[in-house]
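One structure is given here, and the rest of the page talks about it.
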Number of protein chains: 2
Amino acid sequence: MTEPELRPRKTPLQTRSKATCAAVLEAAARILEAEGSHALTTNRVAERAGVSVGSLYQYFPGKEAILAELIRGLRRDMVLTMRRAADLGREESLASTVELMVAAALEHHLTRPELARALERVEAELPVDAETRELKGELRNIVADVLAGHGIADAESVAFDLVALCHGLSSAAIEAGEKDINGLTLRLKRAVLGYLVAEPAGTSR
Amino acid sequence: MTEPELRPRKTPLQTRSKATCAAVLEAAARILEAEGSHALTTNRVAERAGVSVGSLYQYFPGKEAILAELIRGLRRDMVLTMRRAADLGREESLASTVELMVAAALEHHLTRPELARALERVEAELPVDAETRELKGELRNIVADVLAGHGIADAESVAFDLVALCHGLSSAAIEAGEKDINGLTLRLKRAVLGYLVAEPAGTSR
DNA sequence: CAATTATGCGAATAATTGCTCACATTCACA
DNA sequence: TGTGAATGTGAGCAATTATTCGCATAATTG
């Protein structure tokens, strides 16, 4: 049960090799979203990418590294999207900012829903990747900053909860085949603003 | 890519065979929570169960069937737990009932957290199992009934959202190693009551 | 008690998969 | 243009895995 290596083997220098790398990643993504992680074998990825296995192994030590790279890519995207939304919301009301950010998060989930879902599942079975951990923290920080900017107490902890709540609702709704994105945005907004407005205290037994 | 069979091959009749079945399921559960689904092989399960592979295959057509059975068991448990909580909450205030149900759901997630998480991931990669689908619907119905009993409009849709929200927050918190269960219960309660209290309307663009 | 049925066994086989390596091709650069 | 570095190839070996099948043991039944 040796931990699989998640870092790429070497970074492509020439354009040709960059294309190879990209093709491998894209092929893996497609297999993943169409058939799930159990169908992801190095030989299949290479074939689908129009590349030989040898080339694949030149850049990735194994399939876990390919998956890890896809995950990092997704998270980097997410952070960028959310940062942009947070910036747009600067000087806006809390409600407007929430709507902007919720819409951004949703859009992110909607670009390649199956891929995002598959990668999330895979991530849980892989050793923790340092950069991925950082990126997740960064996401929470972005949210926390927005909250703090509107004078909300305990911003860090609240940010954690809001991110988790939104993630839960978006995933479930998208998985259930929800098509009404505007409606879903409203439901997310309702959850977020509701949480913010509700009494933090209350007797638990 | 033939769909794996998820139903057990035959039902054990004698006590001896019931024990074999149970041993297989428990062994699979232990491997799953300790090492994840990639480590779950039929031979390993049989060995860990103190049973031969042949016996395993007598009752399960493959490992997917074992996993499916574990999933069904977990869901059946969940429905029972939640029904009990809903019954206990009858004649109580909405807030109290929410607290009871939230606590029940949490307790459920906490008995074998790693197992529950692993099974959820596995479920997403398996063909949809009829009974599992039913059970998930049943869970939402239980919540919807409670909501309707308190005169909440659109109970079905709200139930969907509340279940999703709670699932999201519990999973994230438990995964993050949250130990303060009382505190977590309060946060869940806050999310639920907040959602219920917040304006369902609001302008989305 | 047979005789029938249920249960259990595990070596052996077939299929899959990860991964390497010896060799070919292309590129960068003096 | 030539030479070393970078890149690409894919047959094939090693290891893992799923699954079967002939046979032994235990329970049930009549």
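Within every chain, numbering begins at 1; the chains are lettered A, B, ... in the order of the sequence lines, protein sequences first and strands thereafter.
Between A/Arg44 and A/Ala39, the shortest heavy-atom distance links the atoms NE-O, 3.1 Å.
Considering only side-chain N and O atoms, B/Thr20 lies under 4.0 angstrom from the phosphate OP1 or OP2 of C/dG8. Look at A/Ser52 and you'll find a side-chain N or O under 4.0 angstrom from OP1 or OP2 of D/dT9. The side chain of A/Ser55 places no N or O atom within less than 4.0 Å of a non-bridging phosphate oxygen (OP1 or OP2) of D/dT7.
Of the possible donor and acceptor atoms, none in the side chain of B/Arg75 sits under 3.5 Å from a partner among the backbone N and O of B/Lys136. Under the 3.5 Å distance criterion, the side-chain polar atoms of B/Ser17 are left unmatched by any main-chain donor or acceptor of B/Pro12. Listed for the A/Thr132 side chain is no donor-acceptor partner under 3.5 Å among the backbone atoms of A/Val128.
Salt-bridge formation is not detected for the pair B/Arg117/B/Glu120: no Lys NZ or Arg NE/NH1/NH2 atom is positioned less than 4.0 Å from an Asp or Glu carboxylate oxygen.
Nucleotide D/dT17 holds its P atom 11 Å from the CD atom of B/Glu35, rounded to whole Å. Atoms NE2 (B/His38) and P (D/dT16) sit 13 Å apart, rounded to a whole Å. Regarding A/Lys63, its NZ atom lies at a distance of 15 Å from the P atom of C/dT16, rounded to whole Å. Between the CD atom of A/Gln58 and the P atom of C/dT25 there is a distance of 17 Å, rounded to whole Å. Residue A/Tyr59 contributes atom OH, which lies 18 Å from atom P of C/dC19 at whole-angstrom precision. Between the CD atom of B/Glu5 and the C1' atom of D/dT19 there is a distance of 15 Å, given to the nearest Å. Straight-line distance from the CG atom of B/Leu56 to the C1' atom of C/dG8: 12 Å, rounded to whole Å. The CD1-P distance, from B/Ile66 to D/dT19, rounds to 10 Å in whole Å.
Here A/His38 and B/His38 keep their ring centres 6.0 angstrom or further from each other.
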Practice task
Any chance you could list the contact pattern along nucleotides 20-30 of chain D? Use B for base contacts, S for sugar-phosphate-only contacts and - for none, protein heavy atoms under 4.0 Å, 5' to 3'.
Solution key: B-----SSS--
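No engagement by A/Phe60 is indicated, since no non-hydrogen atom pair under 4.0 Å with the nucleic acid exists. Residue-level contact check: A/Thr41 touches the backbone only, with heavy atoms under 4.0 Å from sugar-phosphate atoms and none from bases. Among the atoms of the strands shown, base atoms are found under 4.0 Å from some heavy atom of B/Thr42.
Partner assigned to D/dT16 is C/dA15, using Watson-Crick or G-U wobble distances below 3.5 angstrom.
Residues B/Glu107 and B/Thr81 bring no donor and acceptor atom of their side chains to less than 3.5 Å of each other.
Listed candidates were C/dG8, C/dA6, D/dT7. Nearest to the side chain of B/Leu13 is C/dA6. Side-chain proximity of B/Lys10 to the nucleotides D/dT9, D/dT7, C/dT7 is greatest for C/dT7.
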